[in-house]
Structure formats: structure tokens, C-alpha cells
Protein chains: 2
Amino acid sequence: MSAVRNTKQKQLVLSLLKNSGRPMTAGEIYRLAVQQYPNIAKSTVYRNLENLVSRGEVSQGMHQNGESFYSIADENRHLHYMICKGCKMMIDFPKCPLSNVEREIAKSSGFYVTGHSLQIYGYCKNCRDKAKI
Amino acid sequence: MSAVRNTKQKQLVLSLLKNSGRPMTAGEIYRLAVQQYPNIAKSTVYRNLENLVSRGEVSQGMHQNGESFYSIADENRHLHYMICKGCKMMIDFPKCPLSNVEREIAKSSGFYVTGHSLQIYGYCKNCRDKAKI
DNA sequence: ACTGTTATTGCAACTCATTTTCAATAAGCC
DNA sequence: GGCTTATTGAAAATGAGTTGCAATAACAGT
Ligand SMILES: [Mn+2]
Ligand SMILES: [Mn+2]
Ligand SMILES: [Zn+2]
Ligand SMILES: [Zn+2]
């Protein structure tokens, strides 16, 4: 029962994500991966990301256009992002304002909460200065 | 300058959304629309939804798979949903816990907040009973 | 009601992220 | 090294959403 194999491709995907200090889409990861491992297939990148997400090593979010983004999961704090509509920069928003809220909901509605998705949109300081927003 | 025309198709999309007490995807709306107006085009549904969203009559959210859902906008309160992973039911979550949070962020980071996206996932009471979750 | 302008439509083709299929490959246990 | 099979590469398929364009119909002006 040799369940999981530690392939070059899996290591690469994980290391790209570790070295990039920011969340990346599967497409971005693939483009970087090809530079170091020219025959890697797009599907391989997707499969490994899916895998890493399901075992909790990587966390997944979604852009407004439906495209997923991925980042290394931090065990002892889950993050959300503020996303600038100008430059697309994603700024960590480390304190989750929903921990208590979830508990209240569970209590009052009988709904069993497993997780949530939250992102905040707007314009970063930089873009506001440039575009006078 | 006869900017906007009030077409049958637009009325239909809007009325389907009004009569359904729940958010629907473009696909669901299209399938219902065809029953009453057999030649309506999928693109027409999409175009009208886009239009209604941009003028604030309809609000738009996104499922975990990237598919958009739409519902009639309520002017004086914006809603979020708790979404059951079992039966896909979407339960209104009327009080937004982020109004204050947004202000704090703006103040502390210089980020100009234009909006946010929030949904809570889990299992409704019904599904918990059935599946013993 | 008739006419002309043009916003909107229907349809088909397209885009693009993601998934699937399947034969070929390579991890990792012996 | 040899065997088993998880994983891969390549290509095709999927599916939501978009786009180009000629035909249509809303509606303002008459
Ligand atoms: Mn959170
Ligand atoms: Mn809110
Ligand atoms: Zn910015
Ligand atoms: Zn349910």
C-alpha cells in the first residue's frame, strides 16, 4: 500500500508556491513550472494542486472571475485577502472576523458550519494615488 | 437618446428571479426562461443579468465551483448566504458582520473598500439528520 | 398608425479555466 | 534490477461565459 508518491512535479508545484510570497492561480504556477521542468503538463499542475488542497497543505480561494488561486496553508491561522481591483494585488487580512459569528449561527440556526469564503475588494493606496480614486 | 428598451426577455428574466424565492444560476434561469419563451438565447439571459446587476436591480454571488448565482437586490440590506454542501440550499444570512470591519480596515491600511464577498458553508439541519453529520 | 433609428436579440462560433481519458512513465517496495 | 501501480503527458472534452454579426423589435418622432 504505497499510497502517495513524491514526484518531482509535486515537489515543484509546492516549492513554487512556497517561494512566491503571494497566492497564485494554476495558470501562473504552470507558467513558472514549465521554466524549470519543460514537459510538465498543465493537468499535472491541476492534479497536484487539488491533491495538496485536499490534504490541507495548500489553501484555495477564488477570484471574482471564478479563477482559483492557491497559497501555502498556514496551520494556525487561516487568512483572507483584500484584493485591489486596480493592480490585483492581494493583501493579507490575517484576523478573521467570523470565528464568533460562525458559532452564533450554528447555535441559532442548527446549521453546522464547516468553513467560509471571504474576500474584500477595493483599491490599494498605490492605485488610489495614481488614479485619484 | 432612447437608452434602455424594455424587452420581453428582460421582463422575463426579472420575473423569474422575482418569483423564485431563491438565488439561481444563469443556467437555471435560462432553462426556466425557455419554457415560457422558447427561442430566448442563452446569451440574452447572460446579457440581461449582467445589465440588471450593473444597474443594481440584481445582485450576484459565486458558488465554490466558480458559477455565478443571481437574486433580486434588496436596496436596504445586502445579504449573504449559508450554503448547504448536502442539498445546496442557500439560507439567507441577513446581518452582515463586516460593516464595522470594513471601516477599521480602511482606517488602518489605507485600502479603499468597495465591497466584499462572503459565504458560509456547512450542512443544514435537514441534511445533518439524514446523513448523521 | 407609419417610419426610421438603433438597442437588443438569436444564433453560432469562440474563449478559457478546468476535467477527463488513456497509454506511457517512473516512484518506491521487494 | 524487476514489479506494481500511482502518477504523468498529451490531447480531447467540458462547461460557463463571451463575442461577432445580421435580423428583429422597442419606441421616439411624425
Ligand atoms: Mn475566516
Ligand atoms: Mn456583507
Ligand atoms: Zn492596487
Ligand atoms: Zn442541506
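Per chain, numbering begins at 1; letters A, B, ... match sequence-line order. Please read all numbers here as calculations on a predicted model, not as lab measurements.
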Has B:Thr7 got a side-chain N or O lying under 4.0 Å from the OP1 or OP2 atom of C:dA7?
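Checking C:dA7 against B:Thr7, no side-chain N or O comes under 4.0 Å of OP1 or OP2.
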
Kindly say if B:Gln9 contacts the phosphate of D:dA26, meaning a side-chain N or O under 4.0 Å from OP1 or OP2.
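Negative; the distance criterion is not met.
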
Integer-rounded Å distance: [N] [atom2] and [X] [atom1]:
X: A:Gln64; N: C:dC16; atom1: CD; atom2: P; answer: 19 Å
X: A:Tyr37; N: D:dT8; atom1: OH; atom2: C1'; answer: 8 Å
X: A:Tyr46; N: D:dA13; atom1: OH; atom2: P; answer: 19 Å
X: A:Asn65; N: D:dT18; atom1: CG; atom2: C1'; answer: 13 Å
X: B:Phe69; N: D:dG17; atom1: CZ; atom2: C1'; answer: 17 Å
X: A:Asn48; N: D:dG9; atom1: CG; atom2: C1'; answer: 13 Å
X: A:Leu49; N: C:dT18; atom1: CG; atom2: P; answer: 9 Å
X: B:Asn51; N: C:dT9; atom1: CG; atom2: P; answer: 8 Å

Does a salt bridge link A:Arg22 with A:Glu28, judged by any charged N lying under 4.0 Å from a carboxylate O?
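Salt bridge flag = yes for A:Glu28 with A:Arg22.
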
Should we count CG of B:Asn51 as having more than 12 external heavy atoms under 6.0 Å?
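Atom CG in B:Asn51 is crowded, with more than 12 foreign heavy atoms closer than 6.0 Å.
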
On DNA chain D, check which nucleotide each of B:Arg47 and B:Tyr70 is closest to and give me the residue with the more 5' one.
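Checking each residue's closest nucleotide, the 5'-ward one belongs to B:Tyr70.
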
If you find the nucleotide of DNA chain D closest to B:Ala26 and the one closest to A:Asn39, which residue's nucleotide is nearer the 5' end?
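Taking each residue's closest nucleotide, the earlier one in sequence belongs to A:Asn39.
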
So, taking the atom named NZ in A:Lys85 and the one named OH in A:Tyr121, what distance separates them when rounded to the nearest 0.5 Å?
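If I round to the nearest 0.5 Å, the distance is 9.0 Å.
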
If you assign each of B:Lys10 and B:Ser43 to its closest nucleotide in DNA chain C, which residue comes earlier from the 5' end?
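Final value for this comparison: B:Lys10.
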
Would you sort out whether A:Leu14 and A:Gln11 count as a side chain to side chain contact (heavy atoms under 4.5 Å, CB included), showing the intermediate values?
CA-CA 5 Å; A:Leu14 200 52; A:Gln11 291 169 37; 5.8 Å; no

Between [options], which nucleotide gets closest to the side-chain atoms of [X]?
X: A:Arg5; options: C:dT18, D:dA26, C:dA27; value: C:dA27
X: B:Thr44; options: C:dG10, D:dT8, C:dT18; value: C:dG10
X: B:Glu67; options: D:dA16, D:dC27, D:dG9; value: D:dA16

Return the orientation label for the B:Tyr112 and A:Tyr123 ring planes: parallel under 30°, perpendicular over 60°, tilted otherwise.
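B:Tyr112 and A:Tyr123: parallel rings.
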
